[in-house]
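Side-chain atoms are counted along with the backbone in the values below, which use heavy atoms only and exclude waters and symmetry mates. Start at 1 and go down the list; that is how both ligands and their atoms are numbered.
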Amino acid sequence: MERRLRLAPSPTGLFHIGTARTALFNWLYAKKIGGKFLIRIEDTDFFRSKSEYAKNILEGLKWLGIKWDEEPLKQSDRISIHKKYIKKLLDCGAAYRCFTTEDEISELRGEQKKKGLPPKHDNRHRNLSNKEIETFISQGRSSVIRFKIDENIQIKWVDQIRGEIKWQGKDLGGDLVLSRRAMGYEIGDPLYNLAVVIDDNFMNITNVVRGEDHISNTAKQILIYEALGFKLPTFSHTPLILNNEGKKLSKRDCVTSIDEFRDMGYLPEALANYMAFLGWSPKSAESEILSLDEISKIFDLSDINKAGAKFNWEKLNWINSQYIKNMETEKLSGIIRRYWDNMDWDPPSQEWAIQLTILIKDSMTLLTDAIDQSKPFFLLPPIQKEGQDFLKNNDSKESLKLILNYLIEQNYLKLDKDKAKEIINEISKMHKVKKGILMKSLRVAFFGSLSGPDLIQSWELFSESKSDISRIERCLKSI
Ligand code: GLU
């Protein structure tokens, strides 16, 4: 039998990291077992759902490298089918019309609150006669459809992550509302727990993998599956992603949408790699830097932890830096070029762009670091206090003059690394200046401070546009 998994996102916001990780676990498991990964857009909350969010979710999945196997299904296209099933449940007596008004419900909640009880409907209209129904309808009352939940029933299933889970019927909040309010004998629009069962059954979903916040929904859904005589899928409930304080990662934690991670400079491969390890601990993995294909070979739902997974920025940053380091130079250079283009920075040549990429890539954690790291190669940096102090307290003036003269004598030499080293060695020997002073003075001239990337390689790059000369001259003027 073909095994089929799905992601069923509600397009009520930008693609969230929690949804992305659920997608990833589904996709990895589908790959592992040779099954299919499908998508259903659950867009039946008409007030909150937006087509641009659905688009954002699909684009985010693509960006992360998570491909789906069939055309995504839109839940809103299936409302008339959901209603047919609600009618079926009504007809067989598993569901009924409930006319409780909003005010009556608030009153009931109020009483329960006073007694310290959780909200629960009292199923007051479970046994209305046809006559009573007619009367309510003639009074112009609207109704929802409620699914009967036996108080005494125990719902049990073997969760592929958590083992056996038991739920008592009495703890499900009373009879379950299947549809929104409607007038007369109409059936209102279907609600999540009903629609999800009908659609998962229609899509032949064999394994439902979703967040642990859906555990009580699963108990309700199992009852609907049984009432409709549908075959049950297996269920797995993944741990939530937690923030530093151990609370569910939310919008308050600043960064939660996949777009934000992309804009911050995370690579899709790195983010996906990190997310896979967020709550999953493989029995055997030689490295934590693994491609999705490699992970899918060793992935198993049973290796997902039950406890919440703390989001660890340090680890994500480390993984990202590893991907940057290991990326093919030309590819990375292409990505970095886009950041330069945005800043209107024009490299003198393709080769120069490649050399600068090689120079900065080891000190990049995020792609956006390319801006700061390459900035001194495009814009003249101010001479900072530590640079000024160094120039003042050493033979910098003399050292820089010697270097400048050398370059002028050689007719504005375009340097390579060996030549640059040779110049330092020669001047140091001939004029008895310490190499360290020569190099540090040059560093201040180039970068305005005592830190920065490899000096000799940087010099080679500066010399291509002759900005080594102009920077030395500017520095000399400042001393
Ligand atoms: N639309 C639900 C959500 O986004 C789907 C839950 C499920 O996977 O059944 O939470």
query = Are the charged groups of Asp45 and Arg48 less than 4.0 angstrom apart, N to O?
reply = yes

note = closest protein heavy atom to atom 8 (O) of ligand 1 is Arg6 NH1, 2.6 Å

task = May I ask you to decide whether Lys74 forms a salt bridge with Glu42, counting only side-chain N to carboxylate O separations under 4.0 Å?
result = no

message = Suppose I only count heavy atoms of Arg210 and a 4.0 Å limit; which atoms of ligand 1 are within that range?
response = 7 (C), 8 (O), 9 (O)

ask   = By number and element, which atoms of ligand 1 are closer than 4.0 Å to a non-hydrogen atom of Glu42?
value = 1 (N), 2 (C), 5 (C)

Short N-O contact, Arg40 and Asp200, less than 4.0 angstrom = yes

note = closest protein heavy atom to atom 4 (O) of ligand 1 is Ser10 OG, 3.3 Å

N/O separation below 3.5 Å, Ala8 to ligand 1 = yes

message = Can you name the atoms of ligand 1, numbered from 1 with element, that are less than 4.0 Å from a heavy atom of Val196?
response = 9 (O)

task = Run the salt-bridge test on Arg337 and Glu330 with the 4.0 Å N-O cut-off and return the result as yes or no.
result = no

ask   = What protein heavy atom is closest to atom 10 (O) of ligand 1, reported as residue, atom name and distance in Å?
value = His214 NE2, 2.9 Å

query = Is it true that Arg4 and Glu2 have a side-chain N and a carboxylate O under 4.0 angstrom from each other?
reply = yes

query = Heavy-atom distance under 4.5 Å between the side chains of Tyr185 and Arg97, does that happen here?
reply = yes

